[in-house]
*Asks:* 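Structure incoming, see below.
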Number of protein chains: 6
Amino acid sequence: MDVPASVAEDVARQLIEDIGTGDVTGDLIDPAAQARARIVCRETAVLAGRPWAEECFRRLDAQARIAWHFADGDIVPADAVLCELEGRTRALVAAERNALNFLQTLSGTATTTRRYVDAVAGTGARILDTRKTIPGLRVAQKYAVRCGGGGNHRFGLFDMILIKENHIAAAGGVAAAIAAARRVHPGVFLDCEVESLAELDEAIAAGADRVLLDDFSLDQMRAAVARTAGRVPLEVSGGVELAGVRAIAETGVDFISIGALTKHLRAIDLSMRIL
Amino acid sequence: MDVPASVAEDVARQLIEDIGTGDVTGDLIDPAAQARARIVCRETAVLAGRPWAEECFRRLDAQARIAWHFADGDIVPADAVLCELEGRTRALVAAERNALNFLQTLSGTATTTRRYVDAVAGTGARILDTRKTIPGLRVAQKYAVRCGGGGNHRFGLFDMILIKENHIAAAGGVAAAIAAARRVHPGVFLDCEVESLAELDEAIAAGADRVLLDDFSLDQMRAAVARTAGRVPLEVSGGVELAGVRAIAETGVDFISIGALTKHLRAIDLSMRIL
Amino acid sequence: MDVPASVAEDVARQLIEDIGTGDVTGDLIDPAAQARARIVCRETAVLAGRPWAEECFRRLDAQARIAWHFADGDIVPADAVLCELEGRTRALVAAERNALNFLQTLSGTATTTRRYVDAVAGTGARILDTRKTIPGLRVAQKYAVRCGGGGNHRFGLFDMILIKENHIAAAGGVAAAIAAARRVHPGVFLDCEVESLAELDEAIAAGADRVLLDDFSLDQMRAAVARTAGRVPLEVSGGVELAGVRAIAETGVDFISIGALTKHLRAIDLSMRIL
Amino acid sequence: MDVPASVAEDVARQLIEDIGTGDVTGDLIDPAAQARARIVCRETAVLAGRPWAEECFRRLDAQARIAWHFADGDIVPADAVLCELEGRTRALVAAERNALNFLQTLSGTATTTRRYVDAVAGTGARILDTRKTIPGLRVAQKYAVRCGGGGNHRFGLFDMILIKENHIAAAGGVAAAIAAARRVHPGVFLDCEVESLAELDEAIAAGADRVLLDDFSLDQMRAAVARTAGRVPLEVSGGVELAGVRAIAETGVDFISIGALTKHLRAIDLSMRIL
Amino acid sequence: MDVPASVAEDVARQLIEDIGTGDVTGDLIDPAAQARARIVCRETAVLAGRPWAEECFRRLDAQARIAWHFADGDIVPADAVLCELEGRTRALVAAERNALNFLQTLSGTATTTRRYVDAVAGTGARILDTRKTIPGLRVAQKYAVRCGGGGNHRFGLFDMILIKENHIAAAGGVAAAIAAARRVHPGVFLDCEVESLAELDEAIAAGADRVLLDDFSLDQMRAAVARTAGRVPLEVSGGVELAGVRAIAETGVDFISIGALTKHLRAIDLSMRIL
Amino acid sequence: MDVPASVAEDVARQLIEDIGTGDVTGDLIDPAAQARARIVCRETAVLAGRPWAEECFRRLDAQARIAWHFADGDIVPADAVLCELEGRTRALVAAERNALNFLQTLSGTATTTRRYVDAVAGTGARILDTRKTIPGLRVAQKYAVRCGGGGNHRFGLFDMILIKENHIAAAGGVAAAIAAARRVHPGVFLDCEVESLAELDEAIAAGADRVLLDDFSLDQMRAAVARTAGRVPLEVSGGVELAGVRAIAETGVDFISIGALTKHLRAIDLSMRIL
């Protein structure tokens, strides 16, 4: 899995926030003492966050050794040992919560994503994330979505044109909006939201790279799939829940983008034990 | 509610992450166009995050006007209008998702906190958060916990001594650990985890400011409360769920610290509508 | 033109770099003195950089007034007055070089881009930039390319899949590489470099969103255009110079990406005059 | 060559900008695969930028090995191998463009500088840069100027007094301006711009450390050199082009400061090849 | 001694500030030359600042070796060798002043603290710092106070409730202020300033965790100690000088917080010698 | 007085450090309450730090009004009112300590500087600072030195060549060292340390811009002044105390650089009173 470039900076910020002026309880531990420890995953989960967790331990003890038993993206069974650690006791104890916070959060997102991905298995539909992310965590969450088998929708407002209702109204129609966007940003992927089959036709004719069906019923989705006949990928978004995702996928749409992957979070239950 | 000092920096980082090189779809909107908008809360929630949301709009349009109908900490009924906005259309559209991400995330934490606070209403117990937070969001989450009526446990490793099993083992007992910690950090609040009534006695005698009962049954908690007789506040932590929190509160303990407040997240359903 | 989110931070960094501990010559000027000034463009150019220049003056004098006679993207005739300024003399003098450095650099990139755009006028080809940018200036340069009428290729390694020779070799062929990339990053735009018409066929069949013709002769480009018949946009890259760009455009390819837009720089000749 | 202190931070920012959420094409390459590579310089150039290039590779693969065949400041013949690399294939591929951008940009500035330095060889004149730099790159560009054999003029407004026309007018004459500046900043190098031989005399008498001849003809420069007779170094600036620089140098002035060194940029043609 | 998490960032900022574009005199030294050096402490002092000094040398020469003869918190006799160094000569010379600035500043604070700590030796009183710190240095100064045997008062406005005159007036009395503060911040340590024995009674009854006696005479302090009888720790603050501190300590108060520890600074006389 | 460019960033960092997650006592104050306040200087001092103090109040209350009665550099009599403030009570209370810390620290440095400047009044000698500064505060301290009537020596290793014993040994003599430094850094001010009159002659002959007399007795200083006869400014440094500074100045040297200005700190006694 490709790793974000900001891992070192993410961890530096987190450690400054948590440790600040120093670990006031850590003084009880002999600075020279060494220990071994294990991180255990107490429920079945998809692992995500290894690079951040490693960096937490390494920043506090450059000589710490970490042996992982799983890779990011792996399904970890309940009570499995994620990794074994060896290093200065003080460093392990101070890094513990920081490393676990990254792992429990990102594995949480990966595990949730995996549920949606599994729910549509066998259909051609792919699960995507959205811009509904936790402030400050978008980069890492999008990594976790990939670990869970999902794909990333646009990163932000800058890397994909996504024409919505307001833009269509401002430009005077779907075709006009697409043409205007292409003029200024010719090399940028263009996704266009449509509200009817007529608008779908217009978007395809105007050359959209992908079309987002807004508030379509399942029957309308099937009609859109039939009419499009593979000329352009179709996407469904908006308020999709786990229970309903397979029915949508079976209409034949190509992408389902789901805010719930990244706006909610169920952290995975992990713990570190000093041996 | 006291506001963190980092709001401006939090929002600057978020906008750079989301808008980056510019809003490639925003070009479809006349740069001079003005609009009015509303943010609506689609479910009952405790509001949190106003300072961040405001800063999102103000950074993109210094002249934007925002009229709030609720304050942070207020209970907002479903479908209520949170605020009315007026400003440059492009700025409102570009700021929208950023502002909503702050509001939905922090109101989510405040609302969850409120459920626990309401569950213990009428007992003397207070609900606290923990260090199990989402990386990069601890400051804002602790603000949201306060908006929900909860209190903050230590911010990080630096602002409270929290003596746990490993420290007690390293120091050679509860009393020794407390004495050692006091020597180096005399002015710092000292919380001590204990595993038995005997250790509780020892911690009180050694002058702990608060004692954390680790893995006590409800009966043992009641016994601890009786024995302590108000000499020191008692805290319970570890795996507390909403269903069981009232029973714990009724044992008479003073504080219940709950990781679920900040490690999980159920975002509130909000939307912005351009009028 | 959509504006990057980092303008305030870009300018803060530049002013700290230039002014540092303070303008040691500025003390000769009465701190209360006010002045009017003009920025003049001494050669025909495409303007780019207004938001950065404005921020330079505003950071040093929050009350400074700037009246622009041109917008970013406008063609400015030689010796035209770009803008008129009014504010504290000290602030104008200290901001001058900083503002001019942004304007001369970004207008330089916009003007160069415009030459290429004009050279292909009337063909269907669009001019794009590349990742060959000046370190630290990519965001602003890509904005300037848009001001010059060009489009932006991928921003970095993260927002577009661009399969090259090394990736094809690693994956075992064009089709395998495309399929593998789609699996991990289903929602991301996919551009694929090909070295022959056979590879072009394979890339189209595998569903590339765009195909980059690597080291094709003009005849081969024409053959590729004919064979593709509009099924997918075609791109040409690599060592394109101004003299040769129209011939390439006339082969019928859709995009020509040009490192020279952003790796070289001919700054525009500007000056500020205190009146 | 003395190295700026900000190399690590410059590279961290660049990698975050380029790699962001991760290299989406890099996933096609086996994470464990190792490779060897070479960076080749395709035209004669003065090398500059080694510390930044090395840091690009090291940040992505701490174990990467780099063997350089040239030092910064060396003249590299066309098609020479700059360095040989060995490390994780993914890291080499992801770092490539980032490292090359630093090398091609800074070597470009060093090579341009060298042309001016060579043009004045044998005269006593030294070539200096100016504050006309590319935003965000001043530190690195001034390093590159030194690699090309040039010298650095003031770094910013804070490290040298440079009295110009506006300051002289504000202070009421050359001598008054110099005296006023010395009062507040006694230990700071003082350069004074003059417009006539009379002002030159006044500046020397008032104790300027260097005098800048503004808009002097070649004859006037010679007269100034004769009159000064080595009492103070003389500098010429403003619109100096390569063709005219030797004639200026031969007048006997000591320094020629040239905006073109750093405001324009002709990147050097480099490439990296995986073996 | 527990170490702040920001050492690496503190040093990076310092080196950028000091070395900037490069050490212009360092070029006189052969880049490959190696040297050995010693840091000598020319007066009796309490050492503080080792982690920062080490990081200064390591950032400029990753292979530098440092052998310390003292630990932070140790009393170093005059003319003792603090440490022996070995590394690249250029790096040692460039790092020297940066490392010494950290050591002389932080050891200065530690040494001053130690004087106050020694002055109250044998009493039960503990010496604490305040928020009267040098801008930008609070974290490091509080570390130095601990090295000197003192304790830390609150880190900032966020980690301890400190109710003062203005707050009591705003809330309508001591008891009301304490109750109001507890409601919003139940888990936070609460210190309350009082101006009379009556207010002291009120603060104890309302459950303050510590009481600060504001402007009490020595007799009043003794009365307060007698009346409190150990129910809550008592603190004295405000304008305490070294000469008077023992008399205060002998009244029986628990804590004496002293602005002079961190607002004034007498740097320790250190020097580095290249051997 | 010219103001550093980093004031906004200095204050942002300080407020984040002090206020962090929020002022936990500030909640006792009505968020809408307004107040007036005064900052009083309790001892005679030279004022320095206004821009930082203002920024502290403005960041917390953009509408706060501040009326200053003194400018930076003014001598303020004991018990004078420095400024009057009006704004939100909460903001004034939270900003108070932050603003005072800047003012007391920087006015302390300015006041100390002024003592040395006054001690040499009437001689031709000027007082300079050094690189012996408090980590993280160099920019602001050098500003304060100027407020006190002193001048700034080099800012860091990058803006002045300062040849010392080690460099002379490495280069093989004074003349060789100066020539080598000029070659690489021709436009940079060159100060050279000498240990004898012979070396002084050599340094002058080699064209140093200033010569630093290292460890000269008063008699030797006088001899150096006589021999130099104004050809180059002379500087004395190293362990200069207030008692001895006039005798040095009266030898006729031009500059005396003094580490004590910035390495020690006696903060000025200031307080803010809410009216």
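Quick caveat, the model's predicted, so the values are computed rather than measured.
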*Asks:* Out of Glu17(A), Arg183(A), Arg266(A), which one racks up the most heavy-atom pairs below 4.5 Å with chain B?
*Replies:*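 Heavy-atom pair counts peak at Glu17(A).
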*Asks:* If you round to the nearest 0.5 Å, how far is NE2 of His264(A) from CD1 of Ile268(B)?
*Replies:*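 It is 8.5 Å, given to the nearest 0.5 Å.
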*Asks:* Are there more than 12 heavy atoms of other residues, nucleotides or ligands under 6.0 Å from atom CG of Asp30(A)?
*Replies:* yes
*Asks:* Of all the heavy-atom pairs spanning His167(B) and Ile29(A), show the shortest one and how long it is.
*Replies:* CD2-CD1, 3.8 Å
*Asks:* Atom CG in Asp23(A), atom CG in Leu157(B): separation rounded to 0.5 Å?
*Replies:*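 Answer for the CG-CG pair, Asp23(A) versus Leu157(B), is 4.5 Å.
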*Asks:* Examine whether an atom of Ile161(B) lies under 4.5 Å from a heavy atom of chain A, and if so say whether it belongs to the side chain, the backbone or both; otherwise answer neither.
*Replies:*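 For Ile161(B), the contact with chain A is made by backbone and side chain together.
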*Asks:* For chain A, which residues from residues 86-109 of chain B have at least one heavy atom closer than 4.5 Å to it?
*Replies:* Val93(B), Ala94(B), Arg97(B), Asn98(B), Asn101(B), Phe102(B), Gln104(B), Thr105(B)
*Asks:* Where do Val24(A) and Phe158(B) come nearest, in terms of heavy atoms and distance?
*Replies:* CG1-O, 3.4 Å
*Asks:* Give, as side chain, backbone, both or neither, the part of Val11(A) having an atom under 4.5 angstrom from any heavy atom of chain B.
*Replies:* neither
*Asks:* State, with a plain yes or no, whether a side-chain heavy atom of Pro135(B) is found less than 4.5 Å away from one of Leu137(A).
*Replies:* yes
*Asks:* Please classify the contact of Ile134(A) with chain B as side chain, backbone, both or neither, using a heavy-atom distance under 4.5 Å.
*Replies:* both
*Asks:* Highest number of heavy-atom pairs under 4.5 Å with chain A: which of Gly136(B), Ala260(B), Gly259(B)?
*Replies:* Gly136(B)
*Asks:* Let's test your reading of the structure: which of Ala140(B), Ala267(B), Gly156(B) forms the most heavy-atom pairs below 4.5 Å with chain A?
*Replies:*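 Highest number of heavy-atom pairs under 4.5 Å: Ala267(B).
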*Asks:* Sub-3.5 Å donor-acceptor pair from the side chain of Thr25(A) to the main-chain atoms of Leu162(B), do we have one?
*Replies:* yes
*Asks:* Mark yes when over 12 heavy atoms from residues, nucleotides or ligands other than Arg42(A) sit less than 6.0 Å from its CZ; otherwise mark no.
*Replies:*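 Atom CZ in Arg42(A) is crowded, with more than 12 foreign heavy atoms closer than 6.0 Å.
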*Asks:* I'd like to know which of Ala177(A), Ala171(A), Ala176(A) tops the heavy-atom pair count under 4.5 Å against chain B.
*Replies:*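 Option with the greatest count: Ala177(A).
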*Asks:* Examine whether an atom of Arg13(A) lies under 4.5 Å from a heavy atom of chain B, and if so say whether it belongs to the side chain, the backbone or both; otherwise answer neither.
*Replies:* side chain
*Asks:* Select, from Met160(A), His185(A), Gln14(A), Glu165(A), the one with the greatest count of heavy-atom pairs under 4.5 Å involving chain B.
*Replies:* His185(A)
*Asks:* Can you tell which of Leu28(B), Asp18(B), Asn166(B) has the highest number of heavy-atom pairs within less than 4.5 Å of chain A?
*Replies:*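 Answer, by heavy-atom pair count under 4.5 Å with chain A: Asp18(B).
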